[in-house]
Amino acid sequence: MTGGELESLVRMANQIAANFSFHADPAERIADHFTRFWAPSMRKMLIAHEAAGGEGLQPEVREALGKLPPT
Amino acid sequence: MSELIRLEPYRPQADLGTPAARVAGDAVRVEIDGRGIEVPAGTSVLRAAALAGVDIPKLCATDALEAFGSCRVCLVEIEGRKGYPASCTTSVEEGMVVRTRSAPLDRLRRNVVELYVSDHPLDCDSCPSDGDCELQDVAAGLGVTASRYGMDGANHQGVASDESNPYFSFDPSMCIVCYRCVRACEEVQGTYALTVSGRGFDSEVSASQDQPFMDSECVSCGACVDACPTTALNEKTVIEQGVPDSFQLTTCAYCGVGCAFRAELRDGEVVRMTPWKDGKANEGHACVKGRFAWGYATHTDRITRPMIRDAIDEPWREVGWEEAIAFTARRIREIQAEHGPNSVGGITSSRCTNEETYLVQKLVRAAFGNNNVDTCARVCHSPTGYGLKTTLGESAGTQAFSSVDKADVIMVIGANPTDAHPVFASRLKQRLREGARLIVVDPRRIELVDGPHVRAQHHLPLLPGSNVAFANAMAHVVIAEGLEDAEFIRARCEEPAYGQWREFILREENSPEATAAVTGVPAGTLRAAARLYAEAPNAAIYYGLGVSEHSQGSTMVMAIANLAMATGNLGREGVGVNPLRGQNNVQGSCDMGSFPHELPGYRHISDPAVRDLFEQAWGVSLQPDPGLRIPNMFHGAISGHFKALYCQGEDLAQSDPNTQHVEHALRSLECLIVQDLFLNETARFAHVFLPGSSFLEKNGTFTNAERRISPVRKVLEPLAGCEDWQVTQLLSNALGYPMDYEHPAEIMAEIARLTPTFTGVTYEKLDRLGSIQWPCNEAAPEGTPTMHVDEFVRGKGYFAITGFVPTDERTTRRYPLLLTTGRILSQYNVGAQTRRTANSEWVDQDLLEMHPHDAEQRGVADGDWVGVESRAGDTVLRAVVTERVQPGVVYTTFHFPLTGANVVTTENSDWATNCPEYKVTAVQVTRVTQPSEWQRHYGAFTEQQEELLERARATGRRDP
């Protein structure tokens, strides 16, 4: 039953990536944004999705997820 | 259990006769009736006398208005001058000797008053204003009890009273044609609805073209009623209940202007709300909402007993507070035991006080043990918090409202102040009439574009969704044409961020020629607007939800801050970046730590030092990570890991986007606790209803859009027995986390102890100063009207790169129009308050504005029912065909639940904060004959819920 939720998280993450794409270091900024504003449960869900192939995630998001501290 | 009500005996507000000198000159010494006084040059003799404690009788003069000199009652004698000059229109001069009482003066004044009362009978005993009338006082002071001229000549007695306005009546037979109402409508409100028609004896006050007030251009702000020295313009409540016997100062519960009012009572009931002249946010002005629309507080729809039920298709059970609180606490703990500590959360309200929101977030963090707390500012101004914190270092507007008096160019972006912030709009219009120039950036032609005696130099009708492209183009022109304030940037802003931004903004894609295709604004117009803004000595930006409620809301706020920094328009009066907040306590609810990632004072929850401070004070350990935001809570509820929500004073089901998704989420909760005045749309999905208290029934503080903390003072006992903070406290205690505040002052003391920007705030100081703009601390003991004066709160200003990322919401063949949303003057937000007042006599439904071209293509005529369909849902409402909107854009409001404007809005949201994109939805509009499917379902569900409520009330009546 997490389809809608995951879909929404993927969309949010890609949107964050698009808005940091004008910077030289988008992955760092995306990771920082996740840490500062996302609940750990949301990060966990996205990390699990990434581990399962990360369908639909922009490359910068996937890179950013790798930079997150463990939750 | 709540504190006693404290009221002052009634007295009219002090009136010095004329306003302070506009440009105060050097001190001038004068002698009035033997009393010496020093006043600034430019002061009137009337005002100087009042300051010296000498009361000169007057009728057409009031310090709310410029001197007029028509009534000839305030005459004086001045040594060395001939005749009897009017003291209101005579300025003081050095060494002037004034006599205000003499036999000739008395004779002249008595004669004038006798002429007045020859057409205004002194039947004071039977008059509703007996005891609160300036004409009565002046006549009594002069010993006039009758008129030598009698009432036999031609007169205006017997002329019918105009009762068309629901809140005040106009009785021409009581009018003395002093022009105070006409001048108030012009000078204070700026609507120019009133005039005096005819000459001489035929002179009569008339609204618009001699129309009833309700049919005229009158906006019912009440300024004329305040100005009237007789009973000619009078509140109907005063006529029905009598003149007040007591009053207390308090703060309006409507928009983010946060007007100060005197709640005036008689026999313990509110008779009227009068704007307080010393209130710094409004300086004696008000609007139709705050001034008149307070009757909801005693509306029969108020729920005054707690109610519980196990499932939402069961009838409500009215119970005592103890049972309701015990039930709630048990359900929360059961759910946490089964689904984990993070399966519950809370929502604070921008309509509740600072103390109440502080307490709810404390309850969530300390008693629930997680950070799942959010606030309705999520759906309005969360991008302001993010954007201003990132660029300037503080999540708040930079100025006091009075700063606009010094602005030379004013740019209003995505805001409609005459409707949504009317009292600030009046101040803004005053400045425009003094010659300041105006740029309006809005898809619609709002009133300021071309209103009475105000006109925008430039109206930039952007296409919805193109804000960032516009703001970048403005900054591009500033830099490309060398209009930036290089010295300000060098001294005050951070490198290398500025250099990087400069390189970015100069790119061709940000030029007005390149952005014109996206914004719809011709490059020439945009360049002219940019030059006007950049070249002004003082340029100020005011913005509203048209900036924040977009998928790029946070980017746009940063782009606005960039523009202000690049032109050096920060850190002094007359300039700045000013968010106009929707609800009265948006600023306060954000300040109080309502966001899941921030503790009070905008300090991140991950900061160990800050967390340690609160852990010590609260005696708990806090989770170090952010909790869920409202949209995340909804998804969590539908997914099944978020199960219970405590929602204070917010109507999620009506105000949040994509109604069907919200309803799905609310239905998925195992325990929804709603605390509100009314059984609102959200409460229909609730398991616990905790009755709230209106602003008249509690103590606390609100913080307005200019960071002004103003007291809310109790004038009525809470109908349900508890103030809202007390309910939160009861719940906390039942959950096993003790709270024992005796008064909101103690809560504020705790806030002040823990929050560096509030350390100097106390209730005692609020009583003394009237209000305080934070930061208020050792560095600024009386508060801070202007922020970022010598340096930014973050040190150096940060130019954020603001690339334009278009929204995914685009027009297609299926959805060819862009729907944008807004507010109207007479209704407020979800309408829970204003719909329960006579304000609905102005507008009683949401309407869809569409351009004649779009209407014609669809065969839609003015007043037709039209269906509005988006990819989220569809609804039906009536069309208004108007050129106020541009072709391709349609517009509506969201004040009425049955309209379901949010059935149509989508889940799109701001990339940084998840603030919903209310301002851009691709839709199709068609002519229809019946309500939408959602509306039919909604109607049936509403009927069912009302029946369940009625059953509870019937049981309650049988078994009290």
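Scope of the values below: all heavy atoms of this structure, side chains included, with no hydrogens, waters or symmetry mates. Quantities reported herein were computed from a predicted structural model and do not represent experimental measurements. Sequence lines set the chain letters: A, B, ... in the order given, protein chains first and strands last, and positions in each chain run from 1.
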Practice task
Evaluate the side-chain proximity of A:S41 to B:L628: yes if any heavy-atom separation is below 4.5 Å, no if none is.
Solution key: yes

Completion exercise
Checking heavy-atom separations under 4.5 Å from chain A, one finds in residues 905-917 of chain B B:N908, B:S909, B:D910, B:W911, B:A912, B:N914

Handout entry: Test item: B:S551 and A:Q15 side chains (from C-beta on) under 4.5 Å apart, heavy atoms
Key = yes

Problem - Atom pair CG/NE2 of A:L9 and B:H635 - distance to nearest 0.5 Å - result: 7.5 Å

Exercise for the section: Compute whether any side-chain donor of one residue and acceptor of the other, for A:E5 and B:H641, lie under 3.5 angstrom apart. Expected result: yes

Practice task
Apply side-chain hydrogen bond (donor to acceptor under 3.5 Å, both in side chains) to B:T348 and list each qualifying residue two or more places apart in sequence or on a separate chain.
Solution key: B:T375, B:S594

Fill in the blank from the handout: When every non-hydrogen atom of B:V805 is compared with those of A:A18, the smallest separation belongs to CG2-O, 3.6 Å

Exercise for the section: Please tell me if the side chains of A:R43 and B:P626 come closer than 4.5 Å, counting only heavy atoms from C-beta onward. Expected result: yes

Exercise for the section: Tell me, with the steps shown, if B:N632 and A:M12 meet side-chain contact (heavy atoms from CB on, under 4.5 Å). Expected result: CA-CA 11 Å; B:N632 314 136; A:M12 281 161 61; 3.9 Å; yes

Practice task
To the nearest 0.5 angstrom, please state how far the CG atom of B:D625 sits from the CE atom of A:M42.
Solution key: 12.0 Å

Exercise for the section: Could you list the residues that satisfy salt bridge (Lys or Arg N to Asp or Glu O under 4.0 Å) with B:R667, not counting sequence neighbours? Expected result: none

Fill in the blank from the handout: Rounding to 0.5 Å, atoms CZ (B:R507) and CZ (A:F22) come to a distance of 8.0 Å

Practice task
Examine whether an atom of B:F504 lies under 4.5 Å from a heavy atom of chain A, and if so say whether it belongs to the side chain, the backbone or both; otherwise answer neither.
Solution key: side chain

Problem - Contact check, side chains of B:H604 and A:T35, non-hydrogen atoms, under 4.5 Å - result: no

Problem - Pairwise side-chain contact, B:D808 with A:R11, heavy-atom cut-off 4.5 Å (strictly under) - result: yes

Completion exercise
With sequence neighbours left out, the residues meeting ring-ring contact (aromatic ring centres under 6.0 Å, His included) with A:F37 are A:H33, B:Y386, B:H597

Practice task
Using non-hydrogen atoms and a 4.5 Å limit, figure out which bit of B:T555 sits close to chain A: side chain, backbone, both or neither.
Solution key: side chain

